Amino acid sequence: MTPAELSQAVLVAVSAAVEAGELTVAVPEHVTVERPKNRDHGDYATNVALQLAKPAGMPPRAVAELLAARLREITGVAKVDIAGPGFMNITLDAATQGELARTIVEAGEAYGRNEALKGLKINLEFVSANPTGPIHIGGVRWAAVGDSLGRILKATGADVTTEYYLNDAGVQITKFAASLQAAANGREVPEGGYVGEYIVDIAKAITEGAPGVLDLPEDEQLQVFRTEGLKLMVAEIKRSMDEFGVHFDTYFSEKTLHDSGAVEQAITRLREQGHVFDQDGAIWLRTTDFGDDKDRVLIKADGETTYFAADAAYYLSKRDRGSEVSVYMLGADHHGYVNRLKAIAACAGDDMDRNIEVKIGQFVKMLRDGEEVRMSKRAGNIITIDDVVDWIGVDAARYTLARSSTDSTITLDINILTSQTNENRVFYVQYAHARMSSLHRKAEELGITRSTEFKPELLATEWEADLLGQLGEFPRVIAAAGELREPHRVARYLEDLAGAYHRFWDNCQVLPKGDEEVTDLTHARLWLVEATRTVLANGLDLLGVSAPERM
RNA sequence: GCGCUCAUAGCUCAACGGAUAGAGCACUUGACUACGGAUCAAGAGGUUGCAGGUUCGAAUCCUGCUGAGCGCACCA
């Protein structure tokens, strides 16, 4: 029995009690059935009696008592105890629990997928670093978290588009082009320009690709460096992302918003909604109507459109392309944008609490030998994604960045993340998978194949029960991670699951030793191992981390 | 000055308003004639920054305070 089925059964018990006139309450839509931390509290616990006590006007324990009587009638439920203020502790019989192993193995890659967010159209934008240099460490965090979230949302049935917003218009690009031009001509980088080895490399690539470029007049040169530089830089960013396992559905160009007239149209549409006004020669959006600190300029007095105007057009583009929820993932240094972005949605007539979500990711520090690492050869004083991959590898980087809440600042210790120790949690999880793969190979060598004659009741030790209980949680973990937009829940779960497996391993022999016989228990445990391997592999895939068969 | 985020074991971090706040590392003590010991078991380690409030119940929600990071452009 899965937790979802049990939860449903509890709900049925509530309805039945209400129909029988034992309880006068509105039947809740959903009841919480959770794995208690303490094993003495049974396999599952529910607080439904505590929640219904007040509306029913009865003591919680009395509510629990009458619900428990009904639950005890259900096949597979071995015991229902009432504890503390009114918790109901449910114990399942071993066969009912063990059956889960077969369910999982048969579902394979589909196990864990659910319909928590079925059909919800979500636009998930992350990284979106300016194409004027390599992705830096903050962007790497979002690459890991954002991509995992995209995978998780898909697993919860959402219709997700992952997107990278390319700021390929504006003065930063001009500075970038000027920096390239200066490098190519052996001149000093202009004021406020970009420095780093990558500038020299790109400049060189451009001059080699178009040998006559330095003979052109200055302004024509700048145009070449602008278009070619941008092309090369974007290609470089895509390469970094691809190598990191992040494949965006869309790289959305800001320039197209300007060129297509989408920015002007956006202003017109916002004006129709009544939130645009003219003052001091500029055109403004009254974002203060929706909680922003101050109103924002869309078109400056000199006629130039602002970056903010493009933001508004971009939001509307996402909306026009069908997204119900636009999720923005920004660095902590951009948290000041949250209110103005949400105000754009509200000014457009949308629900700012539903149609737009802005997630803020705190900073990431890197440590080596106890000292903070700040410098990068490639790009001067920032750490790039390629540096991170060189230092700790894709798996360790993705896993470690995705295992913490984005609300907390994190410190990546290079010494730890390149070591093969327990402290490096990605190895702990991957090792469990490698062990199971090894077991599978060993079984094949011994000529043992998993029998279809599966006797789930044999999975009866505390370690097997614990492992089965963990396996049953997987769909709910994915659903919670998706609904809360918190991929780290998946990573933490996998660590718990790997722990449960390692403990099982230490206490339960799977394959026969020496000349022992292959028994029904051997087969039952092989089902359990394969179920666990399936969940670990599915979970690691949601994080974009490999599930190695050997390490 | 205003705003956002954060504050949990010595360290790095968890904990959809639920029972005795958990892991890993580090520390102490154990388990290899072994399916992978990159593992496991036991011990010790906490007034969840401080003070109030909400309720059957608060690390979690509300208010105030302290401390840290970041942000407050007709910049992008």
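Fair warning: this is a prediction, and the values are worked out from it, not measured in the lab. FYI, side chains are in, hydrogens and waters are out, and symmetry mates aren't considered; it's all heavy atoms of this structure. Sequence lines set the chain letters: A, B, ... in the order given, protein chains first and strands last, and positions in each chain run from 1.
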Q: Given B/rG37, is OP1 or OP2 found less than 4.0 Å from the side-chain N or O atoms of A/Arg435?
A: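 A/Arg435 to B/rG37 OP1/OP2: side-chain N or O found under 4.0 Å.
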Q: Across all strands shown, which nucleotide pairs with B/rC25 by Watson-Crick or G-U wobble geometry, both distances under 3.5 Å?
A: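 The base-pairing partner of B/rC25, which may sit in any strand shown, is B/rG10.
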Q: Before accepting this row, confirm whether a basic side-chain N of the pair A/Arg271/A/Asp278 lies closer than 4.0 Å to the acidic partner's carboxylate O.
A: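 Salt bridge between A/Arg271 and A/Asp278, a charged N being under 4.0 Å from a carboxylate O: yes.
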Q: In the structure shown, which nucleotide is the Watson-Crick or G-U wobble counterpart of B/rC56, with both distances under 3.5 Å?
A: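 Its partner is B/rG18.
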Q: Atom pairs, N/O to N/O, protein against nucleotides 26-30 of chain B, distance under 3.5 Å?
A:
none

Q: Counting Watson-Crick and G-U wobble pairs only, both distances under 3.5 Å, name the nucleotide matched with B/rC70, or none.
A: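 WC or wobble partner is B/rG3.
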Q: With distance as the sole test, does A/Arg35 use its side chain to make a donor-acceptor pair with the main-chain N or O of A/Asp43 at under 3.5 Å?
A: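 Yes; judged by distance alone, with no hydrogens or angles, the pair exists.
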Q: For a quick test of reading the model: is some side-chain N or O of A/Arg550 closer than 4.0 Å to OP1 or OP2 of B/rG36?
A: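 Answer is no, no contact under 4.0 Å.
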Q: Is A/Lys37 near enough to B/rU20 that one of its side-chain N or O atoms lies under 4.0 angstrom from OP1 or OP2?
A: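 The answer is no; no side-chain N or O of A/Lys37 sits under 4.0 Å from OP1 or OP2.
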Q: On the nucleotide B/rU55, are OP1 or OP2 found under 4.0 Å from the side-chain N or O atoms that A/Lys54 carries?
A: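 A/Lys54 to B/rU55 OP1/OP2: no side-chain N or O under 4.0 Å.
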Q: If you measure from the C1' atom in B/rC75 to the same atom in B/rA15, how many Å do you get, rounded?
A: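 Their C1' atoms lie roughly 42 Å apart.
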Q: Below 3.5 Å, does any donor atom in the side chain of A/Asn89 face an acceptor in the base of B/rA19, or the other way round?
A: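 Answer is yes: a donor-acceptor pair is held.
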Q: Give one of base, sugar-phosphate or nothing for A/Asp292, where a contact means two heavy atoms less than 4.0 Å apart.
A: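 No contact.
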Q: Report yes if at least one side-chain N or O of A/Ser408 is closer than 4.0 Å to OP1 or OP2 of B/rA14; otherwise report no.
A: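 Looking at the OP1 and OP2 atoms of B/rA14, one of them is under 4.0 Å from a side-chain N or O of A/Ser408.
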Q: Is A/Ala434 touching bases, backbone alone, or none of the nucleic acid, heavy atoms closer than 4.0 Å?
A: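 If one applies the 4.0 Å heavy-atom cut-off, A/Ala434 turns out to touch a base.
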Q: Return yes if some donor-acceptor pair links the side-chain N/O of A/Ser317 with the main-chain N/O of A/Ala313 below 3.5 Å, else return no.
A: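 Checking the backbone N and O of A/Ala313 against the side chain of A/Ser317, no donor-acceptor pair under 3.5 Å is found.
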Q: Can a donor-acceptor pair be found between the side chains of A/Ser546 and A/Asp395 at a distance below 3.5 Å?
A: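 Short answer, yes.
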Q: Does A/Trp527 use its side chain to pair, donor to acceptor, with the backbone of A/Ser451 at less than 3.5 Å?
A: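 Such a contact is found between A/Trp527 side chain and A/Ser451 backbone.
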Q: Looking at B/rG36, I'd like to know if its phosphate oxygens (OP1 or OP2) sit under 4.0 Å from a side-chain N or O belonging to A/Tyr428.
A: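 For B/rG36, OP1/OP2 do not have a side-chain N/O of A/Tyr428 under 4.0 Å.
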Q: Hey, is A/Phe363 stacking on B/rG69? Ring centres under 5.5 Å, planes under 30°.
A: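 Ring-base stacking flag not set for A/Phe363 and B/rG69.
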Q: Nearest heavy atom decides the nucleotide; on that basis, is A/Glu549 or A/Glu495 closer to the 5' end of RNA chain B?
A: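 On the 5' side of the pair lies A/Glu495.
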Q: Does a side-chain N or O from A/Thr400 land closer than 4.0 Å to OP1 or OP2 of B/rU12, or not?
A: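 Indeed not, no polar side-chain atom of A/Thr400 lies that close.
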Q: Rounded to whole Å, how long is the line connecting atom CG of A/Asp333 with atom P of B/rG69?
A: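 From A/Asp333 CG to B/rG69 P: 15 Å.
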Q: Within this structure, what is the CG-CG distance for the pair A/Leu367 and A/Asn415, rounded to the nearest 0.5 Å?
A: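 A/Leu367 atom CG to A/Asn415 atom CG measures 8.0 Å (nearest 0.5 Å).
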Q: So, are A/Lys513 and A/Glu516 salt-bridged, with charged N and O less than 4.0 Å apart?
A: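 Not counted as a salt bridge, because no side-chain N and carboxylate O are separated by less than 4.0 Å.
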Q: For A/Trp505 and B/rG37, is the shortest distance between a side-chain N/O and OP1 or OP2 below 4.0 Å?
A: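 Yes, because at least one side-chain N or O of A/Trp505 sits under 4.0 Å from OP1 or OP2 of B/rG37.
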Q: Report yes or no: do A/Thr174 and A/Arg226 form a side-chain donor-acceptor pair below 3.5 Å?
A: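 Their side chains do contain a donor-acceptor pair, which is all the 3.5 Å distance test asks for.
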Q: Taking the nucleotide of RNA chain B with the nearest heavy atom to each, does A/Asp311 or A/Pro85 sit closer to the 5' end?
A: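 It is A/Pro85, whose closest nucleotide lies nearer the 5' terminus.
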Q: Tell me the partner of B/rC65, counting only Watson-Crick (N1-N3 plus N6-O4 or O6-N4) or G-U wobble (N1-O2 and O6-N3) with both under 3.5 Å; none if nothing fits.
A: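 B/rC65 is paired with B/rG49.
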Q: Can you list, in residue-number order, the parts of residues 513-530 of chain A that come under 4.0 Å of RNA chain B, counting heavy atoms only?
A: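 Listed by number, there are none.
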Q: So, A/Glu191 and A/Lys175, do they make that salt bridge, N to O below 4.0 Å?
A: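 Salt bridge: no.
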Q: Decide yes or no, distance alone: a donor-acceptor N/O pair under 3.5 angstrom between the base of B/rG18 and the side-chain of A/Asn47.
A: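 Under the 3.5 Å cut-off, the side chain and the base do form a donor-acceptor pair.
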Q: Just wondering, do A/His41 and B/rA19 stack (centres under 5.5 Å, planes under 30°)?
A: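 It does: the two rings, one from A/His41 and one from B/rA19, meet the stacking criterion.
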Q: Do A/His335 and B/rG3 share a donor-acceptor pair, side chain to base, under 3.5 Å?
A: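 By the distance-only test, yes, there is a pair.
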